[in-house]
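Report on the structure given below.
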Amino acid sequence: MSYLRHCFRVLRYIPESVLKKRKALEKVAAERAQKTIEIRKAAKAKRAVIFKRAEQYVKEYRAKERDETRLRRQAKTNNSFYVPPEAKLAFVVRLKGINKIAPKPRKILQLLRLYRINHGTFVKLNKATLNMIQLIQPYVAWGYPNLKTVRELIYKRGFAKVDGQRIPIQDNAIIEEHLGKFGIICVEDLIHEIVTVGPNFKQASAFLWPFKLSNPTGGFKGKKTNHFIEGGEAGNREEFINGLVQRMN
């Protein structure tokens, strides 16, 4: 009986500081639980938005493919030729080191962020960039990447440039944090902006660290010093750049 009285007294006389601390901890736990619920709701809503965007992009890509197929068939039916529109996007891969490179091509390689051998970057094609690529043509291989190549590069070799550091793109949060103000909130948005060379291509391309590719599987088929049309590796190879990138990815 005395033991029960002792326990009652201990329970009865709890210090006020302990009660305050307990109440504060309960309040923090409740706030944290509420915040977790809100974060989960926001993430769920964001996933729905990303899914809808991805569906929209897939429809857009398929519609474009159907239009090209229809135009080719129509031209063939009329005994004519289908001339596809000029490419807006190029992928440039550096093939040579710094030995025996003139100052101007070396500077252009730096501007295109091709610092090392097997580095690759996306380049928006216009008169200025075409002239730049023309000057460095003996030192690079370039061409016109398709959707599959762009997607595989970004998903497998994609790294973000954040405060001068190379950060792996592990989720969409890092993309939204740095490109959200341009309407790019996920990887599919980034791929779409690159493939279509959208209005924010400059920011999207600058966000991506230059791709560090491996040596191609099976090695290079020709000499790096010769042009592609002469059986070498350098220069413009148009859509055949996709095969080279897939062997280097």
Side-chain angles (χ1 to χ4, degrees), residues 1-61 110-111 113 115-116 119-122 124 147-214 249:
M1 196 72 179
S2 60
Y3 175 74
L4 292 175
R5 287 177 182 174
H6 175 70
C7 292
F8 178 75
R9 287 173 183 173
V10 170
L11 293 173
R12 185 178 179 184
Y13 299 105
I14 298 175
E16 187 177 356
S17 59
V18 174
L19 292 174
K20 286 183 178 180
K21 186 176 181 180
R22 187 183 297 172
K23 190 176 292 185
L25 289 174
E26 290 176 353
K27 184 179 179 182
V28 169
E31 290 177 354
R32 190 175 297 169
Q34 183 65 26
K35 190 175 181 181
T36 302
I37 293 172
E38 292 175 358
I39 290 173
R40 287 179 179 175
K41 286 183 179 179
K44 186 177 180 180
K46 196 173 294 180
R47 281 198 301 271
V49 172
I50 290 172
F51 185 76
K52 287 182 180 179
R53 287 193 180 188
E55 279 188 336
Q56 181 184 349
Y57 295 149
V58 169
K59 289 179 182 178
E60 182 181 334
Y61 300 145
Q110 291 177 359
L111 291 174
R113 301 186 300 156
Y115 304 115
R116 296 182 182 180
H119 272 198
T121 55
F122 293 112
K124 180 180 180 180
L147 173 62
K148 181 183 177 184
T149 299
V150 175
R151 177 175 278 123
E152 288 180 352
L153 278 172
I154 292 178
Y155 271 110
K156 185 175 180 180
R157 302 271 182 175
F159 283 79
K161 184 179 181 181
V162 179
D163 298 330
Q165 294 182 339
R166 186 171 181 256
I167 307 298
I169 303 176
Q170 296 178 338
D171 55 13
N172 294 322
I174 188 171
I175 297 176
E176 185 178 7
E177 181 181 353
H178 295 88
L179 297 177
K181 55 187 175 183
F182 304 110
I184 302 172
I185 62 172
C186 62
V187 178
E188 287 299 325
D189 287 343
L190 184 61
I191 293 171
H192 182 264
E193 192 70 22
I194 295 292
V195 169
T196 60
V197 191
N200 300 310
F201 174 85
K202 181 179 178 181
Q203 290 80 6
S205 180
F207 172 75
L208 290 171
W209 193 276
F211 296 95
K212 294 184 177 182
L213 303 177
S214 305
N249 194 3

Residue pairs passing the side-chain hydrogen bond (donor to acceptor under 3.5 Å, both in side chains) test where at least one lies in residues 195-214, sequence neighbours excluded: Arg157-Ser214
Would you compute the distance between atom [atom1] of [X] and atom [atom2] of [Y] and round it to the nearest 0.5 angstrom?
{"X": "Thr121", "Y": "Leu153", "atom1": "OG1", "atom2": "CG", "value": "11.0 Å"}
{"X": "Arg53", "Y": "His192", "atom1": "CZ", "atom2": "NE2", "value": "10.5 Å"}
{"X": "Phe207", "Y": "Lys161", "atom1": "CZ", "atom2": "NZ", "value": "12.0 Å"}
{"X": "Glu152", "Y": "Ile191", "atom1": "CD", "atom2": "CD1", "value": "10.0 Å"}
{"X": "Phe159", "Y": "Gln170", "atom1": "CZ", "atom2": "CD", "value": "9.0 Å"}

Contacts of Tyr155 meeting side chain to side chain donor-acceptor pair (under 3.5 Å) (sequence neighbours excluded), chain-then-number -> Glu188
Heavy-atom distance under 4.5 Å between the side chains of [X] and [Y], does that happen here?
{"X": "Ile169", "Y": "Leu208", "value": "yes"}
{"X": "Val187", "Y": "Ile50", "value": "no"}
{"X": "Ile185", "Y": "Asn172", "value": "no"}
{"X": "Asp189", "Y": "Ile175", "value": "no"}

Closest contact, heavy atoms only, Pro210 versus His119: CB-ND1, 4.2 Å
Over all heavy atoms of both residues, which pair between Ala204 and Ile184 is shortest? Give the atoms and the distance, please.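 Between these two residues, the closest heavy atoms are CB-CD1, 4.2 Å.
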In this structure, are over 12 heavy atoms from other groups packed under 6.0 Å from Arg166 atom CZ? yes
If you count heavy atoms of other groups shown closer than 6.0 angstrom to OH of Tyr61, is the number above 12?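 Result for OH/Tyr61: enclosed.
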Hey, can you tell me if Phe122 and Phe211 have their rings parallel, tilted or perpendicular (30° and 60° cut-offs)? perpendicular
